[in-house]
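Down below is the structure, laid out as structure tokens.
The sequence lines fix the lettering, A, B, ..., with proteins before strands; numbering per chain opens at 1.
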Amino acid sequence: MSSTSTSPAPAPVPPAPARAPRGPAVYHPTVGRLTLRALLGRRRALILMALPALLLLISVLIRTQTGADDRAAAEILGGFALAAMVPLIGVVAGTGAIGPEIDDGSVVYLLSKPVKRHVIITTKLLVAVGVTMLFTALPTLVAGVILGGNSQRIAVAYAAAAAVASIAYSAVFLLMGTVSRNAVVLGLVYALVWEALFGSLVPGARALSIQQWGLSIAERIAAPGAGIESEVGLAAGIILLTVATVGATWYAGRRLRALTLAGEA
Amino acid sequence: MSLIQIKSASRWFGNVVAVNDVSLDIGPGITGLLGPNGAGKSTLIHMMSGFLAPSSGEVTLNGGVIWQNEAAYREIGLVPEREGMYDYLTGSEFVLANAELHGLAEPGAAARAALETVEMTAAADRRIATYSKGMRQRVKMASALVHHPSVLLLDEPFNGMDPRQRMHLMDLLRKMGAQGRTVLFSSHILEEVEQLASHIEVIVAGRHAASGDFRKIRRLMTDRPHQYLIRSSDDRALAAALIADASTSGIEIDRSEGALRVQAVDFHRFAEQLPRLARQHSIRLLAVSPSDESLESVFSYLVSA
């Protein structure tokens with residue numbers, strides 16, 4: 001086989017297509033669209049819908065069995081919605097917004113573009129927050145209304161707590177998805193072992209929990225006798241939620257910038 | 001016209017040195033990056049495409065460092081080796097997303113043009129999950145071409161392609177090279193490199209083993225034995241004469257071929273002595289051909305070096 005060492009006379013390079021003057025600063029619609037489609041793909045959407053469906057089912061059953069009951073509402077919304085459903089859906093949405101792309105290598109197509117890494121992260125965060133809120137805060141509100149008709153503002157209080165916790169969970173789990181291939185496991189360990197188990201056993205651990213920070217907002221919204229109590233005060237809760245969200249987002253952007261492809265050499 | 005420069009770049013992973021003090025320039029035209037599996041080709045391409053920082057040294061595009069420089073991707077089109085590529089999208093959605101991510105003013109038109117270039121218009125509305133390996137490769141190619149990059153980096157682009165697809169991609173790359181783009185592709189298959197690249201860079205065990213036209217590289221290896229297949233009017237007499245000369249190290253009479261297989265250790269001397277000895281012994285030379293002037297042999301020498 002002979003080599004083709006003589007190349008034809010150089011043809012001129014066709015002009016490059018025109019570019020829009022500046023890329024977006026926070027939200028890139030294309031990154032958002034890809035992330036949303038990945039998150040709401042068939043299997044993930046089923047996982048995301050399962051817990052809210054269970055919450056609503058339980059709420060309807062309790063309401064029809066025992067009637068409107070503020071204590072039952074607080075227990076279900078606090079013990080199941082905020083303590084289990086929000087972190088679990090946060091894990092699925094937060095890690096799912098970036099982890100699978102890094103795992104299968106398709107993230108290369110996002111990263112080999114003139115798009116700022118922090119824009120990719122903030123876009124994915126916004127999508128993860130939107131999805132987490134949609135599947136947690138909304139069903140929490142509806143369940144609260146079903147259980148107690150928002151008496152003592154319990155439904156709104158827990159929905160607000162779920163909403164702000166959604167933001168922080170999404171940011172923390174997005175970071176985990178960026179730095180670790182075992183993000184889902186790590187996320188579940190955090191949600192179930194740290195927040196649920198240690199949180200109920202070790203007093204100090206409770207204060208370091210997104211769930212408690214969210215509760216500080218619920219505590220303020222609900223009527224004083226509603227029985228909602230947080231380990232941290234409102235100011236501390238808001239500060240900690242902000243620090244966790246901003247810190248995790250910033251660090252995820254940094255890590256994405258330094259993401260290297262595993263060398264198959 | 002774009003120039004990628006690798007300056008004394010090394011990359012190690014823990015104790016493993018994947019790329020060891022490599023310096024090379026890659027300019028316009030087609031360059032083949034050749035080396036056995038695990039030689040460090042992908043590591044080099046990852047460094048050139050900004051997905052790996054060199055542990056030491058520098059990798060630049062037109063003078064600017066590529067690592068952590070998103071703006072460099074305006075000039076770079078990358079065809080990665082890995083298969084992951086948003087399987088839930090259709091081919092045209094995928095290429096469109098790439099065009100949008102490049103911030104092109106008319107992403108739809110650019111995506112259509114790129115899909116036409118790789119002849120994937122017919123299957124563009126099927127989901128990528130349903131594509132054959134060759135189709136995936138072509139859609140990857142379209143995504144890399146959509147913004148008309150001046151540099152095209154392809155990691156093992158012919159893997160899994162059937163011969164027709166391979167020829168088509170080779171034609172496309174030749175076109176890109178002829179347009180003055182800097183096209184670099186890696187391969188461990190010599191035939192591919194030989195057919196396509198005017199210039200090759202050989203990487204063996206993380207080191208830059210050779211650079212240039214493959215024939216020139218072969219000549220550079222004069223301290224290694226060259227194999228020749230010789231037919232003559234009297235093979236045995238010629239064999240006796242040749243083995244007496246210091247330019248050869250071994251001769252085999254290949255009876256099935258009806259020819260001599262000669263190992264020459266001194267290329268220049270052998271080229272001078274062969275006709276002289278034949279004349280002295282009144283032997284007619286019927287055929288003299290290098291029997292190992294393929295990339296395969298160049299390569300095996302370099303690998304065993």
Side-chain angles (χ1 to χ4, degrees), chain A residues 1-24 28-35 37-38 40-42 44 100-120 254 256-265, chain B residues 11 13 18 28-30 38-43 46 49-53 68 70-74 76 78 80-86 88-89 94 97-106 109-110 143 147-150 174-175 177-181 191 194-198 213-215 294:
Chain A
M1 200 73 68
S2 71
S3 85
T4 52
S5 54
T6 49
S7 46
V13 179
R19 284 173 193 274
R22 270 190 72 194
H28 196 299
T30 310
V31 178
R33 198 176 72 227
L34 292 174
T35 307
R37 284 192 62 169
L40 300 184
R42 252 172 295 164
R44 236 184 219 98
E101 270 171 294
I102 294 179
D103 274 352
D104 74 4
S106 55
V107 75
V108 167
Y109 297 97
L110 288 190
L111 297 180
S112 60
K113 302 294 182 293
V115 178
K116 294 259 173 248
R117 302 311 185 232
H118 77 81
V119 175
I120 295 178
R254 243 181 83 106
L256 193 65
R257 216 169 161 235
L259 187 82
T260 57
L261 293 181
E264 289 117 308
Chain B
R11 172 71 208 201
F13 299 97
I30 304 181
K41 301 187 298 294
S42 287
T43 304
H46 288 159
S49 55
F51 284 104
L52 204 56
Q68 297 197 332
E70 292 102 11
Y73 295 114
R74 292 178 191 281
I76 297 176
L78 175 66
E81 188 184 6
R82 285 186 72 178
E83 285 300 315
M85 53 187 295
Y86 302 98
Y88 50 88
L89 298 179
F94 177 72
N98 278 275
E100 289 171 351
L101 288 164
H102 272 296
L104 302 185
E106 290 181 48
S143 77
H147 61 302
H148 293 224
S150 62
R174 280 192 198 106
K175 230 177 275 170
Q179 286 172 345
R181 299 180 204 274
E191 195 197 17
E194 195 174 339
Q195 281 179 42
L196 189 58
S198 46
D213 181 271
F214 89 94
R215 284 201 188 81
S294 68

- Item | Contacting region of A:I102 [heavy-atom separation from chain B under 4.5 Å] |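 Interface part for A:I102: backbone (N, CA, C, O).
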
- Query: What part of A:L34 lies closer than 4.5 angstrom to a heavy atom of chain B: side chain, backbone, both or neither?
  - Reply: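 A:L34 touches chain B through backbone and side-chain heavy atoms alike.
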
- Task: Find the one option among A:V31, A:L110, A:V107 whose heavy-atom pairs under 4.5 Å with chain B are most numerous.
- Result: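 With the most close heavy-atom pairs to chain B, the winner is A:L110.
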
- chain B interface, residue from A:R37, A:H28, A:E101 that has the most non-hydrogen pairs under 4.5 Å: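 Option with the greatest count: A:R37.
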
Top contributor to chain A contacts, counting heavy-atom pairs under 4.5 Å, from [options]:
options                    : value
B:M85, B:E100, B:R11       : B:E100
B:I76, B:N98, B:L78, B:I30 : B:N98
B:A110, B:A97, B:A71       : B:A97

- Return the set of residues passing salt bridge (charged side-chain N to carboxylate O under 4.0 Å, His left out) with B:E83 (not counting sequence neighbours), or none when no residue passes.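 Applying salt bridge (charged side-chain N to carboxylate O under 4.0 Å, His left out) to B:E83 gives B:K133, B:R136, B:K140.
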
Are the side chain of [X] and the backbone of [Y] linked by a donor-acceptor contact shorter than 3.5 Å?
X      : Y      : value
B:R74  : A:P114 : no
A:R117 : B:Q68  : no
B:Y73  : B:S49  : yes

- Mind checking whether A:P100 and A:R44 have side chains closer than 4.5 Å, heavy atoms only?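 Yes, their side chains come closer than 4.5 Å.
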
- Task: Decide, yes or no, whether a salt bridge links A:K116 with B:E70 under the criterion of side-chain N to carboxylate O below 4.0 Å.
- Result: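 A salt bridge is present here (some side-chain N lies under 4.0 Å from a carboxylate O).
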
